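Comments concern the structure below.
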Amino acid sequence: MQTLTKTYTGARIVTETLKQLGVDTIFGYPGGIVLGVYDELAQQNDIKHYLVRHEQSAVHAAEGYARVSDKCGVAIVTSGPGATNIVTGLANAYLDGFPLVVITGQVSAELLHQDAFQEVDIIDITKSCTKKNFQVKSAETLQETLKEAFKTAMSGKKGPVVVDITKNVFSEKTEFQDAETTPSEQLPIPDVTKALNTLSMAKQPIIITGGGAINASNEVKEFAHSLNIPVVSTMMGLGVYPANGKNYLGMIGIFGNANKAVRESDLIIAIGTRFNDRIKGCLGKLENKLIHIDINKVVPDSIGLIGDTKAILTKMISENHKVQDFINWLNYAKTLTAINYQKRSDRMHSFEVLEQIQECLKNTIITTEVGQHQVWASRCLQFNKPRKFITSGGLGTMGFGFPAAIGASIAKKEPVVCIAGDGSFQMSLQEIATCMDYNLPVKIFILNNGYLGMVRQFQEKICEQRYFATKISNPDFIKLAESYGALSVRVEKTENIKSAVRKAMEHEGTALIDFVIEPEELL
C-alpha cells in the first residue's frame, strides 16, 4: 500500500490522527497549552468537541460514550490543574475496564522538571490508574504514539491511556503519514476440555456474569439455555443476561439477592468478573468449584480460561454435547432469591419511585451516581440488554453518573436517564450547562433524602446511631434547573411519580425530577 506524506504542525497531526482512527467525538476543556489543537478543531467538521464545565466530567463523559458505543472515548485537557483533575476519571475507567485516550497539555520540553507555571508530572501521577501513559516531546513521534495509545486502550482488558504532549510539539512541523490503521489482534482460544469435563460432573452449577461479558451476551444466553444453568450477575454485569430471561436469579454482592444460590452451587462458571472483595466475600470458599473465564487474570486454583469471553463461550457451546441438563437445580435455585422491601414511614421510598420508573421506561439507558440510590436502581430496574446500565463499580465515584449520561446520550443520540442521589448530584451539577448548550435529552431523577444515605445507614448500623457529617444541605433543585433553562418537577407523593416521569421523557431536552423521599430508609 502506498503511503502519502504531508507536512503538518503537531496540533494538526493530533486532529488528523484522531480522524484517521475513526474518532468523531471529543470531550474537553481548553487552556493555553492546548490552544493549537482547539484552533484546529475549530477549522474542521469531522470531529465534534463537547465543552464540559470540569475536566473530571470530560473523562466521565468520555467513559459513558465508550461504555454504550464500544468505541474508545477521547478527552483533551490542558496542563497543570487541567491534568490533575482527570485522575478520578482515569481511575474509574481503569478499575471498570473501559477504553479512554486522554490527551493532556504539558509545558515545553525544555522547561520540564523546572517547576514551570502549571507543570505537574502527570506521567508519574497516573501510572497506577492507566494501562499505559506516554509523554511526547517531539512532533516526529506524535502520530505513532497516538496510534499506539488507541491500540493499548482497546486491546486485551480495555482501559484508559494518557498522552501527555509538551507545548513545543503543537507548533513543530513534521511529516504526517496518511495510512490506514492496523487491524486488532486476535487472542488465542484456550482448551475448554477440562472445564467441560468438570461441568459434566457437577449437580448444581451456576453462571456469574460480570462487566467483562458485555460483548458475549448472546453466547451467555445460548450456553445457559442449552443446559438450563441458572444465571446471576454482578452489578457491572447487569443486562448481559436479560433480567426477564427464564434462567435469571438476580444480583450478587453485599447488596445482592442471589448470594444464597451461589453458595449452594457446586460449580461456579464466572464470566468476565474480577471477583473483588464486595463479591468474593459473599460467596464462601471458591476452591475446587470455579471455572473462571476472563480476558487477562483468573482466580488462583480455578480452572482458568484466559482470552476473549465470546470466543471461549462459542467453543464451549460447540463442545458441550456430553453435559447433562440442570433443569431441576434451576427450578430449585429460583426459590432462593426473594427480596423483601420494608417501609420506615408513610413517606415516599426509593423502591416505590424506581418500581414506577421501571413501568414507564422501555429499554432506556440508565446511569447512576453512587450511594443508596445506585443499589435501589440495580435491584428495582430490569435490564434485558447489555450496555443499558452504566454505573461506577470498582471505584464507587460520586459525580460519575451525570456526565456519563451526557456521554452516553451523545453516543446513542437518544434520551438517557441518570438516577442520582442529592449528595452525588452536587458533585457534577454544573454539567446541566453542558446539557443545555447541546440540547441533550438527559433526564436527571434525584432521590432526595437530605443525607449521604449510604454512610448514614452505616452510622446507624455500625456506629450506634452516632450521625456525623452525613446530613447535608441542598440547593432548591427545581430553581437550579430552571436557572439553566431545564424542565423541572418536584414529586412528594407516589401517585404523582408516573405523570412526572412521562412529562420528563416526553420533553425533548434536559429535564430534572426531584423525588423527595424518606430520609432514613435502609437497603
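Note that the structure is a prediction, hence the values are computed from the model and not measured. Position 1 is the first residue of the sequence; numbering continues from there.
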Can you see which heavy atom on [X] is nearest to which on [Y], and at what distance?
X: A61; Y: F27; result: CB-CD2, 3.7 Å
X: C380; Y: Y341; result: SG-OH, 3.6 Å
X: V163; Y: A149; result: CG2-CB, 3.6 Å
X: C360; Y: V501; result: CB-CG1, 3.7 Å
X: P415; Y: M505; result: CB-CE, 4.2 Å
X: N257; Y: G250; result: OD1-CA, 3.5 Å

Atom pair [atom1] ([X]) and [atom2] ([Y]), whose distance is rounded to the nearest 0.5 Å:
X: I47; Y: I26; atom1: CD1; atom2: CD1; value: 4.5 Å
X: L487; Y: I444; atom1: CG; atom2: CD1; value: 10.5 Å
X: K385; Y: I365; atom1: NZ; atom2: CD1; value: 11.0 Å
X: M427; Y: T88; atom1: CE; atom2: OG1; value: 9.5 Å
X: I357; Y: E355; atom1: CD1; atom2: CD; value: 10.5 Å
X: L313; Y: I207; atom1: CG; atom2: CD1; value: 8.0 Å

For [X] and [Y], take the angle between the two ring planes, folded into 0 to 90°, and tell me which bin it lands in: parallel under 30, tilted 30 to 60, perpendicular over 60.
X: F351; Y: W376; result: tilted
X: F515; Y: F445; result: perpendicular
X: H292; Y: F275; result: perpendicular

I want to check something: taking the side chain as every heavy atom from C-beta on, are [X] and [Y] in contact at a cut-off of under 4.5 Å?
X: L447; Y: N449; value: no
X: I206; Y: L249; value: yes
X: Q56; Y: P403; value: no
X: L51; Y: Y438; value: yes
X: M398; Y: L452; value: yes
X: H54; Y: Y29; value: no
X: F389; Y: S378; value: yes
X: V34; Y: V77; value: no

Could you go through the side-chain hydrogen bond (donor to acceptor under 3.5 Å, both in side chains) check for S350 and E521 one step at a time?
CA-CA 8 Å; S350 292; E521 68 178 347; 2.3 Å; yes
Heavy atoms from other residues, nucleotides or ligands near [atom1] of [X] exceed 12 (cutoff 6.0 Å):
X: K132; atom1: NZ; result: no
X: K297; atom1: NZ; result: no
X: Q358; atom1: CD; result: yes
X: E508; atom1: CD; result: no

Between T309 and N215, does a side-chain contact (heavy atoms from CB on, under 4.5 Å) hold up when you go through it step by step?
CA-CA 8 Å; T309 55; N215 287 333; 5.7 Å; no
Looking only at side-chain N and O atoms, does D39 offer a donor or acceptor that is under 3.5 Å from a partner on Q43?
yes
Taking atom types as modelled, find out whether T368 and T391 have a side-chain donor-acceptor pair closer than 3.5 angstrom.
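T368 vs T391: donor-acceptor pair found between side chains.
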Under 3.5 Å: donor-acceptor pair, side chain of [X], backbone of [Y]:
X: T130; Y: T126; result: yes
X: K157; Y: K131; result: no
X: S409; Y: A405; result: no
X: N247; Y: V231; result: no
X: E369; Y: F400; result: yes
X: K147; Y: Q20; result: no
X: D308; Y: I189; result: no
X: Q457; Y: L523; result: yes
X: S424; Y: A420; result: no
X: T15; Y: L41; result: no

So H60 and S428, side-chain contact (heavy atoms from CB on, under 4.5 Å) or not? Walk me through it.
CA-CA 10 Å; H60 290 327; S428 57; over 6 Å; no
Check against side-chain contact (heavy atoms from CB on, under 4.5 Å), I446 and L512
CA-CA 8 Å; I446 302 173; L512 180 150; 3.8 Å; yes
Contacts under 3.5 angstrom, residues 92-99 side chains, donor-acceptor by atom type, not counting sequence neighbours:
residue	atom	partner	partner atom	Å
N92	OD1	S392	OG	2.6
N92	OD1	T397	OG1	2.8
N92	ND2	E63	OE1	3.0
N92	ND2	E63	OE2	3.2
D96	OD1	G394	N	2.7
D96	OD2	R67	NH2	2.8
D96	OD2	G393	N	2.9

What verdict does the salt bridge (charged side-chain N to carboxylate O under 4.0 Å, His left out) test give for R12 and E16, after you've listed the backbone C-alpha separation in whole Å, the side-chain angles of each residue and the deciding distance to 0.1 Å?
CA-CA 6 Å; R12 178 77 179 272; E16 293 299 325; 2.9 Å; yes
Apply the test side-chain hydrogen bond (donor to acceptor under 3.5 Å, both in side chains) to residues E352 and T494: give CA-CA distance (whole Å), side-chain angles for both, the deciding distance (0.1 Å), then the verdict.
CA-CA 7 Å; E352 296 174 306; T494 55; 5.5 Å; no
Take F402 and L429, measure what side-chain contact (heavy atoms from CB on, under 4.5 Å) needs, and give me the verdict at the end.
CA-CA 8 Å; F402 182 27; L429 57 77; 5.5 Å; no
Applying the side chain to side chain contact (heavy atoms under 4.5 Å, CB included) test to C129, which of V162, L90, I86 qualifies?
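Testing each of V162, L90, I86 against C129, the sole residue satisfying side chain to side chain contact (heavy atoms under 4.5 Å, CB included) is L90.
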Per the side chain to side chain contact (heavy atoms under 4.5 Å, CB included) rule, which among V161, V74, T17 passes with F150?
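Only one of V161, V74, T17 forms a side chain to side chain contact (heavy atoms under 4.5 Å, CB included) with F150, namely V74.
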Answer yes when D70 and R387 have at least one side-chain N-carboxylate O distance shorter than 4.0 Å, and no when they do not.
yes
